[in-house]
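Step one of this worksheet: look at the structure below.
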There are 2 protein chains.
Amino acid sequence: MKVKNRHFRTIRPDPDDKKNIQIIDQRHLPHRFIIEDLRTVDDFCTAIHDMHVRGAGLIGATAGFAMYCAVLSAPEEGFDYITASSQKLLQTRPTAKNLAWAVERQLREIAKGENRQDRINISFQTACDIADEDAEFCRKIGEHGLEIIKGISRKKKGEPVNILTHCNAGWLAFVDYGSATAPIYAAHHAGVKVHVWVDETRPWLQGARLTTWELAEEDVPHTLITDNTGGHLMQHGMVDMVIVGTDRTTFTGDVANKIGTYLKALAAYDNKIPFYVALPSSTFDWEIEDGIKEIPIEERSGDEINYVTGLTGENKLETVLVPTKNTRSVNYGFDVTPARLVTALITERGVVRAERKEILKMYPEKKSEK
Amino acid sequence: MKVKNRHFRTIRPDPDDKKNIQIIDQRHLPHRFIIEDLRTVDDFCTAIHDMHVRGAGLIGATAGFAMYCAVLSAPEEGFDYITASSQKLLQTRPTAKNLAWAVERQLREIAKGENRQDRINISFQTACDIADEDAEFCRKIGEHGLEIIKGISRKKKGEPVNILTHCNAGWLAFVDYGSATAPIYAAHHAGVKVHVWVDETRPWLQGARLTTWELAEEDVPHTLITDNTGGHLMQHGMVDMVIVGTDRTTFTGDVANKIGTYLKALAAYDNKIPFYVALPSSTFDWEIEDGIKEIPIEERSGDEINYVTGLTGENKLETVLVPTKNTRSVNYGFDVTPARLVTALITERGVVRAERKEILKMYPEKKSEK
């Protein structure tokens with residue numbers, strides 16, 4: 001998508017040196033646009049764990065390139081190094097399904113390599129494929145979601161469709177387009193009027209820092225709100241639909257997403273507002289049946305709650321402490337929205353009810369594995 | 001309640017000069033404890049509007065003293081000045097019921113005065129009565145709420161009772177004890193083990209800044225969480241009850257409280273966790289039947305969302321901008337939780353179902369007015 005009218009992806013091999021992988025270091029957005037070079041497996045682990053990159057698809061794509069980096073760094077018969085690197089990567093973010101998916105796909109492909117150079121070529125190609133597929137899947141999610149938005153727009157006789165989203169499931173969370181934002185961008189580019197309510201998304205403020213920035217760069221009308229506000233807006237007819245992303249969705253339709261998503265799903269349900277979850281198939285978990293009981297929920301540092309970073313009057317980035325220094329806080333990264341609250345999933349193959357039978361009908365190749 | 005082991009109230013006449021009303025300027029908490037002197041009606045209006053003082057009971061008590069100040073400042077036959085002052089006060093915070101309640105009570109009492117000095121004496125006494133009653137009503141709310149907590153504690157065989165609260169309905173929101181916190185303090189002082197989940201409460205962060213500070217000063221175990229977290233905790237059995245305050249509750253049981261309360265009520269209902277609202281009778285609205293349609297919801301400056309204030313590493317208070325400068329945000333201060341989601345109200349007279357008939361049975365003098 002666009003940054004100052006130039007097209008960018010969130011991750012790419014440096015055109016001048018493909019051993020060097022370039023990312024946008026998202027910790028500094030929206031105030032600084034900084035490209036970071038990743039050259040070692042540890043660079044990649046830090047970038048994922050400390051959220052230089054974040055978001056379902058981008059974590060997967062970054063893990064793909066990290067595995068290429070592991071192959072590059074490994075000695076001739078270095079399977080131990082590659083396996084150890086994959087283990088290290090898997091521990092960086094426990095909830096994200098795309099991470100395991102990308103690492104496992106790379107391990108399967110790398111195993112086919114006949115020698116070191118072959119494995120390097122294969123892992124590079126696989127990393128590029130993962131990134132390209134991610135972008136293409138998001139583009140298709142946009143096409144399918146566009147039809148839903150068009151339907152609401154028709155009912156509203158062309159008045160702006162008010163869409164609420166939580167966290168950032170935008171292009172910054174993927175390689176391009178985003179999941180939740182793909183239908184929004186598709187509608188905006190098709191001339192369908194939309195307006196986005198952006199949940200600021202505490203504690204990391206992905207909505208305030210990333211989603212508003214993305215939407216502004218693409219000229220999509222939007223308004224920032226606190227995470228507390230959505231229920232009130234829904235009670236008063238100011239939200240037509242909710243679209244969120246997901247970090248892991250079970251094949252039974254339970255949706256793990258940024259903490260607070262469940263509260264918005266409850267409010268949408270209480271006010272009869274459709275609640276959609278957009279995801280590429282790489283985010284499905286085909287093993288777990290009960291999302292609330294079984295999806296591991298990442299617990300991050302309480303410092304992410306107690307400290308907030310922003311720009312001072314002197315245009316300097318500063319981090320400030322909100323409660324007193326010794327205040328204990330706990331920071332769960334995600335919650336799970338039960339399938340019963342989800343109107344439908346928007347995937348690259350189309351729109352599907354959040355229900356085991358329907359999901360397996362859309363992905364019959366997974367059905368045969370079960 | 002205690003500040004560094006000394007007893008404080010949130011508002012009082014200066015013992016050396018009762019024309020001077022002293023408040024704790026809550027904008028600077030928890031990092032600075034600053035007493036502010038209020039001497040003119042405009043001082044009072046600014047203090048209420050700009051949230052030097054905030055919270056249902058304290059807004060009422062401050063309005064009580066503001067009317068005394070209006071009488072003091074008025075010329076001999078200055079009813080116009082007093083009426084104009086009351087109008088100015090009523091516009092500072094539209095949702096808060098206690099504000100109108102205190103102003104109207106003062107106007108009724110002041111009208112009984114026979115001369116200027118008489119009116120000064122009456123309005124001073126009435127302001128003190130409002131403050132004393134507020135403290136006494138909160139103390140009684142604590143007694144009634146304590147029985148509920150004791151019941152849960154018994155079921156848990158003395159394990160800590162986990163109580164979630166939103167915003168600050170603590171002693172800082174009243175004159176003393178608080179509404180939602182009164183049962184918590186009563187339990188803690190009675191030796192019943194409690195642990196409080198404190199919603200940070202964006203945008204003004206009353207939970208992070210005020211509730212954590214209050215609880216720490218009284219040594220009550222607590223943990224700070226983002227507003228997004230409560231649903232997840234409830235899904236996993238980590239919350240035994242919710243207690244919140246309210247800025248206005250209809251006699252039909254609809255509860256206006258800090259924005260986001262409705263989302264917690266939905267989650268409590270979905271997880272079969274009791275959801276209590278604590279209030280003195282001064283917070284009841286005896287006119288309005290439909291809270292969602294009829295209670296006016298204050299809209300405040302979007303700057304409260306875009307900017308966050310805290311302490312820098314150099315121990316300096318600094319305000320930082322989170323999104324980019326031109327980001328539009330809207331800031332609704334309150335939402336309304338429908339009575340159907342409220343387990344019961346805890347008032348100074350006892351615990352009552354959030355229902356017209358039951359509430360009017362508890363306040364029969366209001367029934368006769370209807």
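Chain identifiers are assigned alphabetically (A, B, ...) following the order of the sequence lines, protein sequences preceding nucleic acid strands; residue numbering begins at 1 within each chain.
Contacts of B:Leu233 with chain A are made by side-chain atoms alone, with heavy-atom separations under 4.5 Å and no backbone atom involved. Proximity to chain B (any heavy atom under 4.5 Å) is shown, for A:Asn331, by neither the backbone nor the side chain. Of the two parts of A:Leu210, neither the backbone nor the side chain holds a non-hydrogen atom closer than 4.5 Å to a non-hydrogen atom of chain B. The part of B:Phe334 that comes within reach of chain A is its backbone (N, CA, C, O), which places non-hydrogen atoms under 4.5 angstrom from that chain. Proximity to chain B (any heavy atom under 4.5 Å) is shown, for A:Thr229, by both the backbone and the side chain. Heavy atoms of B:Ile225 lying under 4.5 Å from chain A belong to its backbone as well as its side chain. For A:Ala216, no part lies near chain B; criterion is any non-hydrogen pair under 4.5 Å.
Put simply, of A:His222, A:Lys316, A:Gln235, the one with the most heavy-atom pairs under 4.5 Å next to chain B is A:Gln235. Each of B:Gly230, B:Gly231, B:Gly313 has some count of heavy-atom pairs under 4.5 Å with chain A, and the biggest count is that of B:Gly231. Contact count versus chain A (heavy atoms, under 4.5 Å) is highest, among B:Asp335, B:Thr309, B:Asp270, for B:Asp270.
Of the possible donor and acceptor atoms, none in the side chain of A:Asn271 sits under 3.5 Å from a partner among the backbone N and O of A:Ile273. Of the possible donor and acceptor atoms, none in the side chain of A:Thr343 sits under 3.5 Å from a partner among the backbone N and O of A:Pro274. Side-chain atoms of A:Trp197 do not come within 3.5 Å of backbone N or O of A:His166 as any donor-acceptor pair.
Interface with chain B: from residues 317-330 of chain A, residues A:Glu318, A:Thr319, A:Val320, A:Leu321, A:Val322, A:Pro323, A:Thr324, A:Thr327, A:Arg328, A:Ser329, A:Val330 qualify, criterion being any non-hydrogen pair under 4.5 Å. Interface with chain B: from residues 257-266 of chain A, residues A:Ile259, A:Gly260, A:Tyr262, A:Leu263, A:Lys264, A:Leu266 qualify, criterion being any non-hydrogen pair under 4.5 Å. Residues from residues 293-307 of chain B that place a non-hydrogen atom less than 4.5 Å from a non-hydrogen atom of chain A comprise B:Ile297, B:Ile305, B:Asn306, given in numerical order.
In this structure the side chain of B:Glu200 reaches within 4.5 angstrom of the side chain of A:Arg202, judged on heavy atoms. No side-chain heavy atom of A:Met1 sits under 4.5 Å from any side-chain heavy atom of A:Glu217. Side-chain contact check for A:His31 versus A:Leu29: every heavy-atom pair is 4.5 Å or farther apart. Looking only at side-chain heavy atoms (C-beta outward), A:Met241 and A:Tyr276 come within less than 4.5 Å of each other. In this structure the side chain of B:Glu214 reaches within 4.5 angstrom of the side chain of B:Tyr185, judged on heavy atoms. Side-chain contact check for A:Val3 versus A:Arg6: every heavy-atom pair is 4.5 Å or farther apart. Looking only at side-chain heavy atoms (C-beta outward), A:Val198 and A:Thr223 stay at 4.5 Å or farther from each other.
Of the inter-residue distances, the one linking A:Trp171 atom CH2 with A:Thr181 atom OG1 reads 10.5 Å to the nearest 0.5 angstrom. Annotation: the span from A:Ile288 atom CD1 to A:Asp254 atom CG amounts to 10.0 Å, rounded to 0.5 Å.
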For B:Lys2 and B:Asp219, what are the C-alpha separation, side-chain angles and deciding distance, and is it a side-chain contact (heavy atoms from CB on, under 4.5 Å)?
-> CA-CA 10 Å; B:Lys2 285 184 288 187; B:Asp219 269 332; over 6 Å; no
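Screening B:Asn228, B:Asp227, B:Asp199 for a side chain to side chain contact (heavy atoms under 4.5 Å, CB included) involving A:Asn228 leaves a single residue, B:Asp227.
Between B:Trp213 and B:Phe33, the two ring planes are parallel [angle under 30°; tilted spans 30° to 60°].
Here salt bridge (Lys or Arg N to Asp or Glu O under 4.0 Å) pairs that include residues 237-249 of chain B, with residues two or more places apart or in two chains, are B:Lys156-B:Asp240, B:Arg248-B:Asp285.
A side-chain N or O of B:Gln26 and one of B:Arg54 form a donor-acceptor pair less than 3.5 Å apart.
Within a 6.0 Å radius of CZ in B:Arg32, more than 12 heavy atoms belonging to other residues, nucleotides or ligands are found.
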